[in-house]
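Taking it in order: structure first as structure tokens, then the write-up.
Predicted model only: the values in this text are computed from it and were never measured. To find a chain, count down the sequence lines: A is the first, B the second, and so on, and within it residues start at 1.
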Amino acid sequence: MQEYNPQKIEEKWQKRWAKDKIFKTKDGSKNPKFYVLDMFPYPSGAGLHVGHPKGYIATDIVSRMKRMQGFEVLHPMGWDGFGLPAENYALKNKIHPKSAVKENIKKFKAQLNKIGFDYDWSREINTTEPNYYKWTQWIFLQMFKKGLAYESYEPINWCPSCKTGLANEDLEHGKCERCGSDIEQKPMRQWVLKITDYAERLLEDLKLLDWEEQILEMQKNWIGKSCGADVDFKIDKRDEIIKVFTTRPDTLFGATFMVLSPEHSSVEEITTNVQKSEVKKYQEQARKKSDLERTDLEKEKTGVFTGAYAINPVNNEKIPIWIADYVLMSYGYGAIMAVPAHDERDFEFAKKFKLPIVQIDLEDKEKMIKWLEKNKNGRRAVNYKLKDWVFSRQRYWGEPIPIIKCEKCGNVAVPEKELPLKLPEVKHYEPTGTGESPLANIKEWVNTTCPKCKKRAKRETNTMPQWAGSCWYYLRYIDPENKKELVDKNKEKYWMKPKGVDLYVGGAEHATRHLIYARFWHKFLQDIGVVSTSEPFHRLFHVGLIAAEDGRKMSKRWNNVINPDDVIQEYGADSLRLYEMFMGGFSEGTAWNTKGLVGTTRFLKKVWQIQYKPKKQSSKSDRLLHQTIKKVTEDIENFKFNTAISQMMILTNEMEKQKEIDINHYLLFLIILAPFAPHISEELWESLKNKKSIFLEKWPEYNPKLIKEETFNLIIQINGKVRDKIEVEAGISEEKAEELALSQEKIKKWLENKKIKKIISVENKLVNIVV
RNA sequence: GCCGAGGUGGUGAAAUUGGUAAACACGAUGGAUUCAAAAUCCAUUGCUCGCAAGGGCUUGUGGGUUCAAGUCCCACCCUCGGCACCA
């Protein structure tokens, strides 16, 4: 008898699997495909903590089962190395980001391999490799050609500490998501992607997706569609009009004043001489306020009268035009019609500045829109909260934007044959803070010739944001070495049709960043014929976070990080895998508890010990085994790994009690255990004289007839309270059950001096006697 | 404020969607084994009254529907996540 020694067998099997290429994904397979994807990590300096692999373990279980069920499975892994986190880490530790990323990948990969994942490493990708980002740049160029990538000078979010512009998606509660600094609005030159052109499709196609409600809602809210009308307000004694958007055209009669954002372009024009200095002062103040101050809901409303009036188109009344910072330039037209009787904010404002509030009868919304359209002073309109994606960063560590700026020809695309446009190697890559990227200082790189007119020109020096590479990476795994195309058409069809990535797992924090950007790029790629589906990720599960034992987030700062290497050293990878899946619901967050590992380790020891029990061989099938096959198969499919494991524990507890075990049952059990605990299953499989890997076995099917119990516990209730339970054979008639129930001694006692009103029977379950 | 998820033993959690609440596991208590410990095994373990037989109570709170409610309806409280002066 040998002791269960996870460290020994785990290393053995990890080496064997790699050597035998057991998990290599084939192209051109006749089998149906299954594409399982994890959100690939950004290889941080800290390495993996025990929370990271949770999602990877789940996809590993699914992919191993699917493969045994006869699917050709693609389960790849790679690295998302560009962007602020990598660069800030490099700056802090004074290493070049390129070598930092390289080192960190090595560290990550070693950690992942110890857990025993079934990745096909021959398809590994790295977003910072030129032969990968060549295609990121290529997609950008296609967008540029279609007018979807454009240059803009609008004010954008600026992080003074990271010294770069940021997209709306990069903020958290008005602060920089990376460093927590307060964000400023800064007008600057930038590249923007027109994601708003896809807003409607991004919203509409959410219906096609098998995603959790939570994530769908987050995206819906982020896109933020509102239906209503644009209304044109004529300025009194002038030709100009000011456009407003409203979701409530039916309240137009109640509009008693108008408010413009202080940055609104018409303010200067319409302000009367008397009000000029007041208005200027207010604008000045508004500019100085941070966004956080401006959007503080607690603060009192402020504002200034411009002296000008607008005409309410429905009743031709003169209404005063004010400016106030509660109207945001970034939504709608930066101007509103104020209806204090129907809007809390307008009401507050009207009260403070003693503006008229009129109660009115509501019009029919549709009628009003039709009226506006007929009279040509308004029209049906929709508005989205979604903003175009600010796509340039004034930083070094990103994909160079492949544009050449020519004085004569303007922005010119770098010719496709010159891609990849490599990020130059430099010594100094610190952000400049001037609004220019550090690349601007590299003369030999910046200075070039215009591809059109061949005159002297300069390269665009901004780089792409962190999220660029991850927008399409799932396509590259399909065809990672392709030099001619982003992805081969036939391979794309095989792996992406009909529903794209069949299963996608990652953190909920990506709901309104990566997941929205990737859907946008995918739809664009569909439009230009690169992909054949409208959505990239068909089914999505979000992984619940594992907190530290103290309930806080695992972080170096709190000194509460648990390294999977240490856990594996003590308990083994199989035990770690089981524990992380057994802790609770997959999408639920739970605190780590090392003591909990005792349970899964005991379970594995039990599984190990059973091999030494006396064995028999019979042709009889086992009910509990088949029930377990059913439950485990369905639970894996539904991401309910915790109950799958508890069912397997029930089965092993039963096997342990038996004097001798049926070898065939034990082997079948090992097959369904294998996706969860691959090393021990493989070892036991081999030692029971099987030469081929357990992962080449067929996934067992359960016998539906067999899983039905022969007897059941009939519950006898009186007035809904359980008074007795008797074991009866399954399928007995309701009459028979009632008869039996009434004849029980206990029940008779309860029924003394009582009158039976009625009896309710539920087949194969209970009898309830109402008295 | 709005949207979403959730609230079940000492702890992590189950509950076929209206039908035995607490499966499985941790911990705890007692016992076996051992010179001793670890490991392992057996028993008990929601709370409560009772010597016992046997009762009573219990899924955040309060109502309701139903023969029957953790599950459905109404109101409220709390926790977590997202958004937030979005017109």
Side-chain angles (χ1 to χ4, degrees), chain A residues 3 172-174 212-222 224-226 228 231 244-248 251 255 259 261 294-299 301 324-328 330-339 342-346 348-349 383-386 508-509 511-512 542 544-545 578-579 582-585 587-600 602-603 605-606 609 631 634 640 642-650 652-653 656 712-725 746 749 757-771:
Chain A
E3 289 265 318
E172 238 165 39
H173 312 292
E212 294 154 296
E213 196 53 38
Q214 215 185 114
I215 308 288
L216 289 175
E217 277 302 312
M218 278 158 99
Q219 287 218 349
K220 260 183 228 166
N221 295 340
W222 191 262
K225 182 182 182 180
S226 311
V231 185
V244 306
F245 171 75
T246 177
T247 52
R248 299 290 306 275
T251 63
V259 188
S261 153
R294 271 186 70 163
T295 54
D296 182 8
L297 285 164
E298 301 301 309
K299 80 164 206 285
K301 295 270 176 296
D325 65 4
Y326 81 94
V327 175
L328 308 172
S330 54
Y331 186 78
Y333 301 108
I336 59 158
M337 60 177 221
V339 186
H342 284 270
D343 185 286
E344 232 178 276
R345 296 151 299 166
D346 297 347
E348 229 182 281
F349 194 80
N383 225 301
Y384 300 93
K385 282 195 229 175
L386 186 70
E509 70 274 16
T512 55
H542 90 272
L545 289 181
L578 278 169
Y579 172 63
F582 187 62
M583 286 172 86
S587 295
E588 241 53 64
T590 328
W592 178 265
N593 182 2
T594 301
K595 278 186 194 155
L597 274 148
V598 172
T600 50
R602 273 185 202 149
F603 166 66
K605 276 186 189 161
K606 220 176 265 185
Q609 286 307 318
K631 181 132 183 77
E634 290 172 357
K640 294 167 81 173
N642 52 341
T643 47
I645 293 167
S646 77
Q647 180 68 32
M648 290 192 284
M649 285 173 168
I650 292 170
T652 42
N653 287 347
E656 210 208 6
F712 73 99
N713 254 336
L714 179 73
I715 308 302
I716 307 168
Q717 298 179 324
I718 293 170
N719 287 348
K721 286 210 164 122
V722 181
R723 293 304 181 194
D724 204 1
K725 303 172 190 178
K746 268 193 201 165
K749 235 186 191 170
K757 280 193 201 151
K758 64 171 161 178
I759 300 177
I760 284 143
S761 296
V762 180
E763 217 190 335
N764 285 336
K765 226 157 231 158
L766 57 79
V767 171
N768 188 9
I769 304 161
V770 187
V771 295

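Base pairing annotation: B/A5 forms a Watson-Crick or G-U wobble pair with B/U79, both donor-acceptor distances under 3.5 Å. Across all strands shown, nothing is found opposite B/U65 as a Watson-Crick or G-U wobble partner with both distances under 3.5 Å. Under the Watson-Crick and G-U wobble criteria, each requiring two contacts below 3.5 Å, nucleotide B/U71 is left unpaired. Using Watson-Crick or G-U wobble geometry with both donor-acceptor distances under 3.5 Å, B/A13 finds no partner in any strand shown.
On the C1' atoms, B/C26 is 23 Å away from B/G70, given to the nearest whole Å. Comparing the same atom, C1', in B/G6 and in B/G60 gives a spacing of 11 Å after rounding to whole Å. Straight-line distance between the C1' atoms of B/G27 and B/A75: roughly 39 Å, to the nearest whole Å. Of the P atoms belonging to B/U11 and B/G19, the separation is 26 Å, rounded to the nearest Å.
Set against B/G19, B/A39, B/G4, the side chain of A/Val762 has B/G19 as its closest nucleotide. Here the nucleotide nearest the side chain of A/Lys758, chosen from B/C67, B/C85, B/G27, is B/C67. In this structure, the nucleotide among B/G82, B/A87, B/C26 sitting nearest to the side chain of A/Ile336 is B/A87. Comparing B/U16, B/A23, B/A87 against the side chain of A/Val327 picks out B/A87 as the nearest. Closest to the side chain of A/Lys725, out of B/G12, B/U20, B/G4, is B/U20. Comparing B/A14, B/C24, B/C85 by their nearest atom to the side chain of A/Met649 picks out B/C24. Comparing B/A87, B/A23, B/A25 by their closest approach to the side chain of A/Phe582 singles out B/A25. The side chain of A/Ile760 lies closest to B/G19, out of B/C24, B/G4, B/G19.
Under the 30°/60° scheme for interplanar angles, the aromatic rings of A/Trp592 and A/Tyr579 are found to stand perpendicular.
Put simply, the side chain of A/Asn768 and the base of B/C67 share a donor and an acceptor less than 3.5 Å apart. Residue A/Lys385 places no side-chain atom within donor-acceptor reach of the base of B/C83, judged by atom type and a 3.5 Å distance cut-off alone.
Syn is the conformation of B/U17, whose glycosidic angle sits no further than 90° from 0.
How far CG of A/Asn653 is from NZ of A/Lys606: 4.0 Å, rounded to the nearest 0.5 Å.
Residue A/Lys746 is classed as having no contact, given no heavy-atom separation below 4.0 Å to the nucleic acid.
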